[in-house]
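Just so it is clear, the model here is predicted, and its values are computed rather than measured.
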Amino acid sequence: MQDQRSNRAGKSLGGRTLAYVLMVIVTALWGAPILWMLVTSIKPESEIYAYPPAWMPDAPTLQAYAALFQRFPMLTWFRNSAVVGVLTTMLTLAVDALAAYPLARMQFPGRRVVMGVIFATFLLPYELLFVPLFLGLNSYGLVDSIFSLTVPASANAFGVFLLTQFFQAVPRELEDAAVMDGCSRFGFFWRILLPLTKPGLATVAIFTFVASWNNFFWPLIATNSDETRTLPVGLATLVGGAGMSMKQSVLMASAVVATLPTAIFFLALQRHFVRGIAATGIKG
């Protein structure tokens with residue numbers, strides 16, 4: 001018995017060690033390009049093309065960031081992306097939660113049909129909607145505005161599907177007890193259901209914000225001025241206009257500026273996000 005326990009302990013230790021080694025390797029492979037991007041953004045231009053390349057600069061400088069913000073309307077693009085990302089995330093959470101609640105907690109005729117129609121939109125490429133969406137917004141004079149960048153993206157089937165699973169996992173006995181205590185349906189939804197499903201809300205918020213921040217195709221179509229352009233579109237015009245004359249340090253600085261907000265947003269909600277992903281496989 002003692003030998004069997006020792007063998008099991010040895011195998012367990014070996015498995016954990018192998019898992020940690022693999023995690024370190026994957027982390028290094030994933031983090032190396034990001035670290036190189038950050039280091040290159042603070043290198044003088046002469047050191048970028050030095051051979052052999054060095055990881056750490058001899059004379060770090062922030063000239064690339066200064067040139068980036070002085071020569072281009074980065075603050076405007078950054079502000080537009082932040083406003084669009086936050087508004088889109090808030091609207092998506094509101095719409096998806098209100099749509100998921102009756103699908104998860106109520107029984108009504110045609111419920112399965114409604115769920116099927118909503119989830120079938122997974123099969124519809126978003127790009128197919130661009131032409132009618134643009135024509136509709138243009139007819140009301142809403143193109144090239146924050147409205148055109150936020151409202152069309154304020155609902156998605158993924159958020160409805162994910163929140164439906166989280167809402168169904170909350171015991172019905174809890175809702176029955178709340179109703180017996182005089183709580184309305186909306187009161188249960190707002191005061192009890194949403195606080196209990198924070199991991200699901202955080203998961204939808206992260207996916208929505210990152211998708212909105214990185215969205216390029218629709219903002220490229222719906223905007224035509226620096227006052228409304230988002231950061232991805234602005235950076236594309238920046239690189240396209242400057243061409244090969246764009247310094248590598250400035251290019252890397254722009255990539256750092258574009259990447260940093262999503263990393264901060266993810267880290268802020270990381271705890272809820274991990275719980276949300278772990279809970280998607282739990283029933284009851």
Side-chain donor or acceptor of Ser184 paired with backbone N/O of Gly187 under 3.5 Å = yes
inquiry  = Within the structure provided, determine whether Leu38 and Ile34 are in side-chain contact (heavy-atom separation under 4.5 Å).
reply    = no
inquiry  = Looking at every non-hydrogen atom in both residues, tell me the closest pair between Leu128 and Pro132 and how far apart they are.
reply    = O-CD, 3.8 Å
ask   = For the hydrophobic clusters of this structure (ILVMFWY residues joined by side-chain heavy atoms under 4.5 Å, transitively), does one cluster hold both Leu220 and Phe130?
value = no
key: Flag, side chain of Ser81 to backbone of Phe78, donor-acceptor distance under 3.5 Å   = no
task = Kindly check if the number of other-residue, nucleotide or ligand heavy atoms within 6.0 Å of CD (Glu175) is above 12?
result = yes
Cluster check Trp77, Ile264: I/L/V/M/F/W/Y, side chain < 4.5 angstrom = no
ask   = Parallel, tilted or perpendicular for Tyr101 and Phe188, by the 30°/60° rule?
value = tilted
query = What orientation do Trp218 and Phe134 show, parallel under 30°, tilted 30 to 60°, or perpendicular over 60°?
reply = perpendicular
message = One pair to check against side-chain contact (heavy atoms from CB on, under 4.5 Å): Asn80 and Leu149. What are the steps and the verdict?
response = CA-CA 10 Å; Asn80 292 338; Leu149 298 176; over 6 Å; no
inquiry  = Testing the basics here: between Val95 and Ala155, what is the closest heavy-atom pair and its distance to 0.1 Å?
reply    = CG1-CB, 3.6 Å
request  = Decide whether Phe216 and Phe207 are clustered together by the hydrophobic rule: side chain heavy atoms of Ile, Leu, Val, Met, Phe, Trp, Tyr closer than 4.5 Å, transitively.
outcome  = no
request  = Taking the side chain as every heavy atom from C-beta outward, state whether Leu137 and Phe147 have any atom pair closer than 4.5 Å.
outcome  = yes
query = If you measure from OG1 on Thr164 to CD1 on Ile118, what distance do you get to the nearest 0.5 Å?
reply = 7.5 Å
query = Under the side-chain contact (heavy atoms from CB on, under 4.5 Å) criterion, do Thr92 and Asn156 qualify, and how do the steps go?
reply = CA-CA 7 Å; Thr92 298; Asn156 60 75; 3.3 Å; yes
key: Beyond-backbone contact of Thr230 with Asn215, side-chain heavy atoms, under 4.5 angstrom   = no
task = Decide whether Leu98 and Ile192 are clustered together by the hydrophobic rule: side chain heavy atoms of Ile, Leu, Val, Met, Phe, Trp, Tyr closer than 4.5 Å, transitively.
result = yes
inquiry  = Just checking Tyr20: does its OH atom have more than 12 heavy atoms from other residues, nucleotides or ligands closer to it than 6.0 angstrom?
reply    = no
Euclidean distance, Cys183 SG relative to Phe189 CZ, rounded to 0.5 Å = 12.0 Å
query = How far does CG of Leu235 sit from CG of Leu251, to the nearest 0.5 angstrom?
reply = 8.5 Å
remark   = So CG of Leu87 and OG of Ser212: to nearest 0.5 Å the spacing works out to 9.0 Å
request  = Kindly check if the number of other-residue, nucleotide or ligand heavy atoms within 6.0 Å of CE (Met90) is above 12?
outcome  = no
ask   = In terms of the angle between their ring planes, are Phe186 and Trp190 parallel, tilted or perpendicular, with boundaries placed at 30° and 60°?
value = parallel
query = Which pair of non-hydrogen atoms, one from Val250 and one from Leu68, has the smallest distance, and what is that distance?
reply = CG1-CD1, 3.9 Å
query = Under a 4.5 Å cut-off applied to non-hydrogen side-chain atoms, are Met74 and Leu231 in contact?
reply = yes
note = In this structure, CH2 of Trp36 is separated from NZ of Lys43 (nearest 0.5 Å) by 3.5 Å
message = Please determine whether the number of non-hydrogen atoms from other residues, nucleotides or ligands lying under 6.0 Å from atom CE of Met106 exceeds 12.
response = yes
message = Could you go through Leu62 and Ile42, starting from their C-alpha distance and side-chain angles, then the distance that decides it, and tell me whether this counts as side-chain contact (heavy atoms from CB on, under 4.5 Å)?
response = CA-CA 6 Å; Leu62 297 177; Ile42 60 174; 4.0 Å; yes
ask   = Got more than 12 heavy atoms from elsewhere within 6.0 Å of CZ, Phe119?
value = yes
query = If you look at every heavy atom in Ser41 and Val256, which pair is closest and at what distance?
reply = OG-CG2, 4.0 Å
query = Would one find more than 12 heavy atoms of other residues, nucleotides or ligands at under 6.0 Å from atom CZ of Arg111?
reply = yes
message = For Thr208 versus Thr89, what's the shortest heavy-atom pair and its separation?
response = CG2-CA, 3.8 Å
remark   = All heavy atoms of Pro261 vs all of Trp213, minimum pair found to be CG-CZ2, 3.3 Å
message = Would a single hydrophobic cluster contain both Phe161 and Val113, if residues Ile, Leu, Val, Met, Phe, Trp and Tyr are joined by side-chain heavy-atom contacts under 4.5 Å?
response = no
ask   = If we ignore angles and hydrogens, is there a donor and acceptor under 3.5 Å between the side chains of Thr76 and Asp226?
value = no
inquiry  = With a 4.5 Å cut-off on side-chain heavy atoms, are Leu201 and Leu93 touching?
reply    = yes
query = How long is the span from the CE atom in Met252 to the OG1 atom in Thr259, to the nearest 0.5 Å?
reply = 10.5 Å
ask   = Would a 4.5 Å heavy-atom cut-off, applied to side chains only, mark Leu103 and Phe167 as touching?
value = no
query = Are the side chains of Val39 and Pro57 in touch, meaning some heavy atoms are under 4.5 Å apart?
reply = yes
key: More than 12 heavy atoms from other groups under 6.0 Å of CZ on Arg112   = no
query = Any sub-3.5 Å donor-acceptor pair from Ser154's side-chain atoms to Val151's backbone N or O?
reply = yes
4.5 Å side-chain heavy-atom contact, Val170 and Arg105 = yes
